[in-house]
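Hydrogens, waters and symmetry mates are skipped; everything else that's a heavy atom, side chains included, is used. Every value quoted in this text rests on a predicted model; they were computed, and no experiment measured them. Naming convention: chains lettered A, B, ... in sequence-line order (proteins, then strands); numbering from 1 in each chain.
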There are 2 protein chains.
Amino acid sequence: MPTTRLDRAVIRDLPMFRPLSPEDLDAVLAHAVARRLAPGETAFRQGDAADAFFVLLHGRLKVTQTSADGQQVVVRHVNPGELFGIARAVRRPDFPGTAEALTDSVAIAWPADAWDALVARCPGLAVDALATVGQRLQDAHTRIRELATEAVERRVAHALLRLVRQAGRKTDEGILIDFPVSRQDIAEMTGATLHTVSRLMAAWEAKGLIAGGRKRVTVRDPHALFMLAEGEGR
Amino acid sequence: MPTTRLDRAVIRDLPMFRPLSPEDLDAVLAHAVARRLAPGETAFRQGDAADAFFVLLHGRLKVTQTSADGQQVVVRHVNPGELFGIARAVRRPDFPGTAEALTDSVAIAWPADAWDALVARCPGLAVDALATVGQRLQDAHTRIRELATEAVERRVAHALLRLVRQAGRKTDEGILIDFPVSRQDIAEMTGATLHTVSRLMAAWEAKGLIAGGRKRVTVRDPHALFMLAEGEGR
DNA sequence: CGCTGCCTTGACCACTTTCAATTCGCGTGG
DNA sequence: CCACGCGAATTGAAAGTGGTCAAGGCAGCG
């Protein structure tokens, strides 16, 4: 796991560190290391001791959770600038999921015990963390409601729209989701099977709503997708 | 909404206030009011301005979320001693759900702006809140995984076991869930229909695993239920 | 005593999953 | 450079779960 020393420029522009002076920034980075992750590498695995926490500088990760019998779900995606792996801050001794890089990524890692010191120097961080976790809780409740009440088609449409919002990149073909997403991934995000997702997406592709490829999705007609996701049915 | 003045004895024994001196306790209570809720009354409703936060002293609440098209899910149950309605602490302007009393209940309410002052006087509270929200996030992810990967029968078994853990009271019939739970409620907790839940529970009752009644559930054989919830299937 | 909710139960069928082949795309190594 | 091989995606057919529709029954309360 290659690591490098850090310059304060790399975190100066992150919202959570915005209020800090240059000296503060240096202090914050004193115990931090950067870590580069190739696609498929993991920052941490489910069940590992939560001995660090992270900020993603560049790239994309997915966080998954696997049940005792091997069933896997995608918990969320991590985008640049976001805190992740803060299990310890919520008083958990181990990581509840696995964080895997989808593209070449760079994260900063702090030892878990640095949390308290960091918060002391930068009180905004705790507030930020609370707001962040609160927001994730909202998102989780939204997903629970979707899983509990919506049909598969709608859930898949919602998932695609969420991916577009998080990582959409405009191209002349439409809006490309800017990291590799397999049908299996979408299935694990929506609680459906690979097969059902494939069939749905094939149908949408035939109608021109989206364009697909191996681990690639481009949304051509977001509005039509939105109608599928929200529309009052028929 | 009947309110009364508060004596510090009522909060002295709550874990989050444990470290406070008697003077601190009085200060904490200075702006608080107690509020009594009859079954069916709500502490707040989805969409209301988040102008207060609460601790439940006595009774039980359920928190529900309703989607635009009227579909409802039970987000969680609130037990005595727990913080609830802390939307404002996670920087939300409104409540994302509705909190309804299931039994006669008493809650303490603070105006939302009291949060910062309270945290200043009692720093443990922020830590506690972060841990609480973090725990809820874990629970939410667990539920997401269940909804995404498990069959209805297992989900219902899990839901009953969770209710037993939260509010089980030993009787000579078995373990009674100590507040009113309708089949509809269980359906809204598990993302199933009332009908499916009723059929499942009727079958379990025939096998002697549980005993039912109007808004009442008694678990007679928790171990057998656990097998259904976790067992490798057939 | 008659409501008003809550619960039960049957019949039917739609949607998803399961099972099973194939095809396709891409990176690898000969 | 091409053949190979593996993971990803597609697609058909069959099976089954759980939802929808429809009719009561039962209990507590005014």
Side-chain angles (χ1 to χ4, degrees), chain A residues 38-40 62 69-74 100 102-104 146-157 159-160 177 179-207 210-218 228 233-234, chain B residues 38-40 62 69-74 100 102-103 146-160 177 179-207 210-218 228 233-234:
Chain A
K62 76 172 176 188
D69 55 328
Q71 295 274 46
Q72 194 173 81
V73 298
V74 175
E100 176 191 336
L102 296 175
T103 64
D104 276 306
E146 285 181 16
L147 282 165
T149 69
E150 291 181 357
V152 173
E153 182 178 55
R154 278 191 172 189
R155 301 206 301 267
V156 175
L160 289 180
I177 289 159
F179 58 80
V181 207
S182 70
R183 308 289 184 258
Q184 178 69 40
D185 289 329
I186 295 174
E188 287 174 5
M189 296 173 65
T190 55
T193 59
L194 159 69
H195 310 278
T196 302
V197 170
S198 179
R199 279 186 250 267
L200 278 172
M201 289 181 65
W204 292 343
E205 181 148 19
K207 287 194 211 156
I210 64 175
R214 186 192 175 81
K215 289 194 168 198
R216 287 176 90 260
V217 184
T218 302
L228 281 173
R234 181 107 4 259
Chain B
K62 76 172 175 188
D69 56 327
Q71 294 275 46
Q72 194 172 80
V73 298
V74 175
E100 176 191 335
L102 297 175
T103 64
E146 286 181 15
L147 282 165
T149 67
E150 292 182 356
V152 173
E153 182 178 54
R154 278 192 173 190
R155 301 207 301 266
V156 174
H158 269 130
L160 290 179
I177 289 160
F179 57 81
V181 207
S182 70
R183 308 290 183 245
Q184 178 69 42
D185 289 329
I186 294 174
E188 288 173 5
M189 295 173 65
T190 54
T193 59
L194 160 67
H195 309 279
T196 302
V197 170
S198 179
R199 279 186 253 266
L200 278 172
M201 289 180 65
W204 292 344
E205 182 149 17
K207 288 195 211 154
I210 64 175
R214 187 193 176 79
K215 288 195 169 197
R216 287 176 91 260
V217 183
T218 302
L228 281 173
R234 179 104 1 264

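Between Val217(A) and Arg183(A), the closest side-chain pair of non-hydrogen atoms falls below 4.5 Å. Put simply, the side chain of Pro39(A) reaches to within 4.5 Å of the side chain of Asp104(A), judged on heavy atoms. Residues Val156(A) and Thr196(A) form no side-chain contact, since every pair of their non-hydrogen atoms from C-beta on lies 4.5 Å or further apart. Side-chain contact check for Leu147(B) versus Glu146(A): every heavy-atom pair is 4.5 Å or farther apart.
Which of dG19(D), dA8(D), dT17(C) sits closest to the side chain of Ala192(A) comes down to dT17(C).
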(request) Take nucleotides 25-30 of chain D nucleotide by nucleotide from the 5' end and write B, S or -, depending on whether a protein heavy atom sits under 4.0 Å from the base, only from the sugar-phosphate, or from neither. (result) ------
With 3.5 Å as the limit, what N/O pairs link the protein to nucleotides 9-13 of chain C?
residue: dT9(C); atom: O4; partner: His195(B); partner atom: ND1; Å: 3.2
residue: dG10(C); atom: N7; partner: Arg199(B); partner atom: NH1; Å: 3.0

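The rotation axes computed at either terminus of the helix from dC1(C)-dG30(D) to dG30(C)-dC1(D) lie 30° apart, taking five pairs at each end and rounding to 10 degrees.
Atoms CZ (Arg154(B)) and P (dT17(D)) sit 14 Å apart, rounded to a whole Å. Distance Ile186(A) CD1 to dT16(C) P: 16 Å, rounded to the nearest Å. Protein atom CD of Gln184(B) is 9 Å distant from nucleotide atom P of dC7(C), rounded to whole Å. In this entry the distance linking CD of Glu153(A) with C1' of dC15(C) reads 11 Å, nearest Å. The distance between atom CE of Met201(B) and atom P of dT8(C), rounded to the nearest whole Å, is 7 Å. At whole-Å resolution of the value, CD in Glu205(B) and C1' in dT8(C) are 11 Å apart. Atom CG in Leu200(B) sits about 15 Å away from atom P in dC7(C), given to the nearest Å. The nearest whole Å value for the distance from the CH2 atom in Trp204(A) to the P atom in dA9(D) is 15 Å.
Atom NE2 of His195(A) and atom CG of Leu200(A) lie 13.0 Å apart (nearest 0.5 Å). Here CG of Leu160(B) is found 5.5 Å from CE of Met201(B). Values are rounded to the nearest 0.5 Å. Rounded to the nearest 0.5 Å, atoms CD1 (Ile177(A)) and OG1 (Thr218(A)) are 7.5 Å apart.
Pairing each heavy atom of Glu205(B) with each of Gly212(B), the nearest pair is OE2-N, 3.2 Å. Pairing each heavy atom of Leu194(B) with each of Ala187(B), the nearest pair is N-CB, 3.6 Å. Across every non-hydrogen atom of Leu228(A) and Arg154(A), the tightest pair is O-CG, 3.4 Å.
With hydrogens and angles ignored, the 3.5 Å screen pairs a side-chain donor or acceptor of Arg155(B) with a backbone N or O of Thr190(B).
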